[in-house]
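All values reported here derive from a predicted model rather than from experimental measurement. Counting starts at 1 for both ligands and their atoms, in listed order.
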Amino acid sequence: MLDRKQKLQKLIELGLDISQIGDLDILLEKVLTEARRLVNADAGSIYIKDDVQLRFSYSQNDTLQANLDPGKKLIYTTFSIPINNQSISGFVANNGTALNIPDCYKISSALPFSFNSSFDQKAGYHTQSMLTVPMKNSRSQIIGLLQLINAKSDQNQIVPFADDDEPLIKHFAIYAANAIERAQMTRTTIMRMISMAELRDPKETGPHVNRVAAYAVELFEQWAHKNRMSDKELEMKRDGLRMAAMLHDVGKVAISDTILKKPGRFTDEEFEIMKQHTLLGSRLFQDARSVFDEVAAEVALNHHERWDGHGYPGHVDILSGNPLQGFASDNGKAKGKSESEIPLFGRIVAIADVYDALCSQRVYKAAWKEEDVIQEIEKERGHHFDPELVDLFLNNLDVIHSISARYPDHHD
Ligand code: C2E
Ligand code: SIN
Ligand code: SIN
Ligand code: SIN
Ligand code: FE
Ligand code: FE
């Protein structure tokens, strides 16, 4: 019988194996980009089915995107649609058949569904042609919908989707459905791992790790754009960062509940024990069988280092926890890493984690007001945090807010 820690290790290994397939959010982005490219669609959305409804999960729109500053992201809100014949997406999910609509504003009133133009009105967009296909897995279950909007001719005119685009997109949707299902499983596995680690109430841990991961990816994209990283490199690294960021605190599994869940501030001794979660986490990934292990180890180890060199655990040997040769300070502890000694992903997750920790209620603290959180991040520019990253973070608060809206805490 495996004990709790061995089970966790097993689960992590399993998660790592299937993680090669990729992360769900990043996968949705890729699926939609590629589908739109296939049929030259100006815009599109992906809906994911849960038990009883459709969740609008991801969206792209070239026309609206072109109105934004370079590097800025289109903000969309998620919402749910019931699965019934009244809406276009509801109809497709309900009947499992594709709909190819030449003009959404001229749908015959004899049809059961109608177009909801409120999104157009809110966004200042004109939806015309729309191709909506169900995404079915290998067991023919509908897991979501792929919706492409406004096909463009070579002359950039909006035209209906060609009849022979339909089988193409249907085929692609099958491919996408299986990849999405696998990525959903990866995410479920990571979530199970995290709740098994009993970090805290899994209901709170889920949203927290999702938000930290999404903030981190957003910050990395901004950084990559500013530093002219190639799209290819960005794409390759983003996936690993997202999952590593979700696991940044996985080392807390080995910290006792009396410390982890203490409903008040730590004593110095308690804090020293808690600091071990960085080393403990990174040890879980020491086999380094994949690039992902390396990234996960790096993030777990470095997310509490500080730009000014006063963070932890510093320049230590990961297995023993002792200072590396030449890095012991007068009190015998390791010197902190500073500035570029701290790997980029550690610097990124540090901001994402503290922002989310301050905005959230914890057993030991109340949630801070947003303005106080921003002030704290500004104050720590060049002290706790990489100044370049602080600037990028504060310049993109609108995207950060749309992420926190996507992953709310569940209190009941
Ligand atoms: P966490 O709750 O996820 O917090 C992550 C980081 O956010 C903290 O790292 C700290 O840099 C920042 N942070 C969180 N709350 C505050 C705050 O009230 N004021 C300020 N200035 N910064 C804050 P840190 O301090 O290294 O702590 C690591 C983890 O240790 C925390 O993760 C939490 O799980 C635990 N922890 C830290 N202090 C306490 C405490 O006094 N009581 C309890 N029960 N847990 C604590
Ligand atoms: C739907 O597909 O019915 C929802 C989106 C829309 O109507 O524009
Ligand atoms: C949580 O408390 O929601 C997750 C663990 C942490 O980062 O504090
Ligand atoms: C702390 O106060 O424990 C760390 C937060 C910071 O250094 O800003
Ligand atoms: Fe931590
Ligand atoms: Fe955290």
Would you check whether [X] has a nitrogen or oxygen atom less than 3.5 angstrom from a nitrogen or oxygen atom of ligand 1?
X: Lys365; value: no
X: Gly264; value: yes
X: Phe266; value: yes
X: Lys262; value: yes

Would you say [Y] and [X] are linked by a side-chain donor-acceptor pair, where the criterion is simply a distance under 3.5 Å?
X: Gln141; Y: Asn137; result: yes
X: Gln361; Y: Asp409; result: no
X: Tyr125; Y: Asp42; result: yes

Between Arg306 and Glu380 (salt bridge meaning N to carboxylate O under 4.0 Å), is one present in this structure?
yes
Please could you name the atoms of ligand 1 that [X] approaches to less than 4.0 Å, counting only its heavy atoms?
X: Met274; answer: 30 (O), 34 (O), 35 (C)
X: Glu376; answer: 21 (N)
X: Trp368; answer: 17 (C), 18 (O), 19 (N)

Is His248 close enough to the Fe ion (ligand 6) that one of its N, O or S atoms comes in under 2.8 Å?
yes
Find, among atoms of His277 that are N, O or S, the one nearest to the Fe ion (ligand 5), and state its name.
NE2
Tell me which one of Val354, Val212, Leu358 gets a heavy atom nearest to atom 11 (O) of ligand 1.
Val354
Relative to atom 32 (O) of ligand 1, which among His248, His208, Arg362, Lys252 owns the nearest non-hydrogen atom?
Lys252
Output yes if Asp249 passes the N/O/S-under-2.8 Å test against the Fe ion (ligand 5); output no otherwise.
yes
Confirm or rule out an N/O/S atom of His304, from backbone or side chain, lying less than 2.8 Å from the Fe ion (ligand 5).
yes
List the steps and the verdict of side chain to side chain contact (heavy atoms under 4.5 Å, CB included) for Ile342 and Asp386.
CA-CA 10 Å; Ile342 310 165; Asp386 178 344; over 6 Å; no
From CA spacing to verdict: side chain to side chain contact (heavy atoms under 4.5 Å, CB included), Asn85, Phe113
CA-CA 6 Å; Asn85 287 351; Phe113 50 83; 5.8 Å; no
Taking side chain as C-beta onward, heavy atoms only, is Val316 less than 4.5 Å from Phe327?
no
Quick one: are Thr33 and Glu29 in side-chain contact, heavy atoms under 4.5 Å?
yes
Asp356 side chain to Ser404 backbone, donor-acceptor under 3.5 Å:
no
The Fe ion (ligand 6) - name of the N/O/S atom of Asp353 that sits closest to it:
OD1
